[in-house]
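What you are looking at is a predicted structure, and each value in this text was computed from that prediction instead of being measured. Numbers restart at 1 for each chain; the letters A, B, ... are given by sequence-line order, proteins then strands.
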Protein chains: 2
Amino acid sequence: MSKPHQPRKHARQARARATQEAIVEAAARILEADGASALTTNRIAERAGVSIGSLYQYFPDKRSVIAQLLRRERAALLDDVRAASDGGGDPFAAVGALVDAALRHQFARPAMAMELERVETGLAMDNEEIALAAAIETAIGNILRRLDPQADAATARDVVAICRAIVNTAALAGETDPTRIRERVLRAVIGYLRPPAFSIP
Amino acid sequence: MSKPHQPRKHARQARARATQEAIVEAAARILEADGASALTTNRIAERAGVSIGSLYQYFPDKRSVIAQLLRRERAALLDDVRAASDGGGDPFAAVGALVDAALRHQFARPAMAMELERVETGLAMDNEEIALAAAIETAIGNILRRLDPQADAATARDVVAICRAIVNTAALAGETDPTRIRERVLRAVIGYLRPPAFSIP
DNA sequence: TGCGAATGTGAGTAATTGCTCACATTTTTC
DNA sequence: GAAAAATGTGAGCAATTACTCACATTCGCA
């Protein structure tokens with residue numbers, strides 16, 4: 001009873017790492033251009049310029065390809081959010097930087113971000129994904145508490161949801177001006193937090 | 001060249017109408033309980049207690065089943081929103097009623113609403129669906145303009161998006177208290193609109 | 001009661017999908 | 001440079017899917 005096919009857990013050569021990344025990016029591009037329903041394993045391999053067999057050397061199944069793409073995107077967001085958190089002392093500026101990070105993340109490739117969200121729902125989160133989500137929530141919470149000391153986990157979740165919702169809706173409606181969207185997102189978030197130091201002119 | 005199979009466009013007997021409704025409700029229940037990936041035509045028919053052949057007598061294809069469910073839900077929302085619009089003269093109360101309508105609509109069967117949204121993205125809207133969406137947008141715009149005379153289509157879209165986002169996020173996180181969610185949604189919407197008459201105590 | 005129309009049935013089909021495996025090619029190692 | 005390890009290949013399989021069709025059952029109505 002020999003195992004004829006032991007998928008590579010770790011890529012040891014640079015070539016293999018390039019293949020792995022090409023596969024993940026191919027998935028991203030398919031989501032972006034053709035949507036979640038077009039995301040088949042054979043299509044991913046074709047778009048990545050590799051054979052279907054190669055795909056299954058580095059990913060045990062389809063969902064792990066999506067999971068890796070999700071990790072890639074979330075890790076980038078976490079970096080961005082932490083950078084915003086390290087900014088100056090002004091709480092309003094910090095929230096502004098947070099919204100900028102969210103907007104960059106969601107609006108850089110809006111169709112991809114939206115389709116990825118759609119696909120994500122059907123996926124159970126693995127431990128790494130849970131840790132990443134928790135870290136993002138914590139980092140955002142730290143920023144929000146500068147404006148509203150009572151901000152909790154639900155507050156952080158709501159803020160993320162508001163950012164996503166407005167950006168996605170705008171992208172769907174064909175809006176292309178980030179400045180205008182930024183203004184609306186910021187208005188919603190600040191309004192939602194309703195900080196004591198904030199008053200209407 | 002005879003057509004061996006002419007799908008019924010209109011149900012002429014009550015029995016047929018019941019079958020049609022059972023099919024749509026079966027789709028709703030599958031979405032609610034098992035998610036979009038479980039929504040197969042055979043499963044819909046089974047859950048509805050009819051044969052797969054009967055399903056295809058009243059619906060030309062799978063997407064039209066989903067489209068009908070979508071119409072059912074949207075029409076109910078439109079009624080609710082219009083009722084909110086007909087309410088008293090207080091603009092704040094009107095927006096509150098609007099949020100209530102949205103919350104009822106989204107929170108009555110949260111999982112179903114979410115999965116239906118997921119499925120919707122992959123569907124092109126037909127003319128009836130477009131008209132329904134436009135009517136909802138108009139009705140919401142009418143309410144919002146009482147608070148903010150400059151509210152336009154983008155404003156209405158954003159408000160709907162904010163409502164959905166917060167409710168969905170809350171439902172995903174396992175929240176069950178509508179009052180608490182309502183308070184947050186209202187805060188976000190009012191804050192987003194930032195009406196002149198509104199000031200922080 | 002009987003007849004045509006309306007409604008209901010479900011095994012079967014063609015297409016698609018995730019995935020495997022026996023094998024070829026390239027790189028590393030000695 | 002040769003063996004071994006790592007990487008790459010793609011035809012094809014098993015499972016699933018949306019959908020069809022030849023036929024059975026029930027209803028409306030004389």
Side-chain angles (χ1 to χ4, degrees), chain A residues 1-27 30-31 34-69 115 118-119 122-124, chain B residues 1-27 30-31 34-69 119 122-124:
Chain A
M1 243 159 54
S2 71
K3 292 184 196 162
H5 166 69
Q6 182 93 289
R8 323 296 190 261
K9 285 127 216 302
H10 302 295
R12 318 198 181 199
Q13 301 177 10
R15 175 173 58 134
R17 233 166 298 131
T19 298
Q20 221 170 344
E21 280 161 26
I23 289 169
V24 172
E25 178 54 28
I30 290 169
L31 282 179
D34 309 299
S37 65
L39 194 73
T40 69
T41 51
N42 284 286
R43 208 136 146 44
I44 293 172
E46 183 193 346
R47 189 85 162 207
V50 302
S51 71
I52 179 66
S54 287
L55 189 153
Y56 280 96
Q57 296 244 334
Y58 298 104
F59 301 93
D61 48 31
K62 181 186 172 181
R63 30 166 301 149
S64 72
V65 176
I66 302 165
Q68 179 121 338
L69 174 59
E115 294 296 321
R118 263 183 81 199
V119 167
L123 246 63
Chain B
M1 243 165 43
S2 70
K3 293 184 194 162
H5 167 67
Q6 183 93 289
R8 324 296 190 261
K9 284 128 219 300
H10 302 295
R12 315 195 184 202
Q13 299 177 13
R15 176 172 57 135
R17 233 166 298 131
T19 299
Q20 222 170 345
E21 280 161 27
I23 289 168
V24 172
E25 179 54 27
I30 291 169
L31 281 178
D34 308 300
S37 65
L39 194 73
T40 69
T41 51
N42 284 287
R43 208 138 151 30
I44 293 172
E46 184 194 346
R47 189 86 161 207
V50 302
S51 72
I52 179 65
S54 287
L55 188 151
Y56 280 96
Q57 296 242 334
Y58 298 103
F59 301 93
D61 47 31
K62 181 186 171 181
R63 29 165 301 146
S64 72
V65 177
I66 302 166
Q68 179 120 339
L69 173 59
V119 167
L123 244 64

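By the side-chain contact (heavy atoms from CB on, under 4.5 Å) test, Glu25(B) pairs with Ala28(B), Arg29(B), Arg72(B), Arg109(B), sequence neighbours left out. Applying the side-chain contact (heavy atoms from CB on, under 4.5 Å) criterion to Ala22(A), with sequence neighbours excluded, gives Ala48(A). Applying the salt bridge (Lys or Arg N to Asp or Glu O under 4.0 Å) rule to Asp61(B) yields no partners; only residues at least two apart in sequence or on another chain are considered. By the side chain to side chain donor-acceptor pair (under 3.5 Å) test, Arg17(A) is found to be paired with no residue, residues two or more places apart in sequence or in another chain being considered.
Contact annotation: Ser54(B) side-chain N/O to dT9(C) OP1/OP2 distance is under 4.0 Å. Look at Ser51(A) and you'll find a side-chain N or O under 4.0 angstrom from OP1 or OP2 of dT9(D).
Atom C1' of nucleotide dG18(C) and atom CD1 of Ile30(A) are separated by 14 Å, given to the nearest angstrom. Atom C1' of nucleotide dC13(D) and atom OH of Tyr56(A) are separated by 13 Å, given to the nearest angstrom. Here dC19(C) presents its P atom at 10 Å from CZ of Arg63(A), a figure rounded to the nearest Å. To the nearest angstrom, P of dC19(D) lies 18 Å from CZ of Arg43(B). Rounded to an integer number of Å, the gap from CD of Gln57(B) to P of dC19(D) is 15 Å. Following rounding to the nearest Å, Asp61(B) (CG) and dT17(D) (C1') show an atom-to-atom distance of 14 Å. Nucleotide dA15(D) holds its P atom 19 Å from the NZ atom of Lys62(A), rounded to whole Å. Taking atom CD1 on Ile44(B) and atom P on dG10(C), their separation rounds to 18 Å, with Å as the unit.
Across Glu115(A) and Ala36(A), no two heavy atoms sit closer than the pair OE1-N, 2.8 Å. The shortest heavy-atom contact between Val119(B) and Arg118(A) is O-NH2, 4.4 Å.
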Discussion item. For a side-chain contact (heavy atoms from CB on, under 4.5 Å) check, start with the C-alpha distance between Thr41(A) and Tyr56(A), then their side-chain angles and the critical distance, and finish with the verdict.
Written reply: CA-CA 9 Å; Thr41(A) 51; Tyr56(A) 280 96; 3.2 Å; yes
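Counting heavy atoms from C-beta on, the side chains of Ile66(A) and Leu39(A) come closer than 4.5 Å.
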Taking only N/O atoms, report every protein-nucleotides 26-29 of chain D pair under 3.5 Å with atom names and distance.
none

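Along DNA chain C, the nucleotide closest to Ile52(B) and the one closest to Ala16(B) are compared, and the more 5′ of them pairs with Ala16(B).
Scanning residues 35-42 of chain B for heavy-atom distances under 4.0 Å to DNA chain D yields Leu39(B), Thr40(B), Thr41(B), Asn42(B).
Using a distance-only test at 3.5 Å, with no hydrogens or angles considered, no donor-acceptor pair links the side chain of Arg43(A) to the main chain of Ala27(A).
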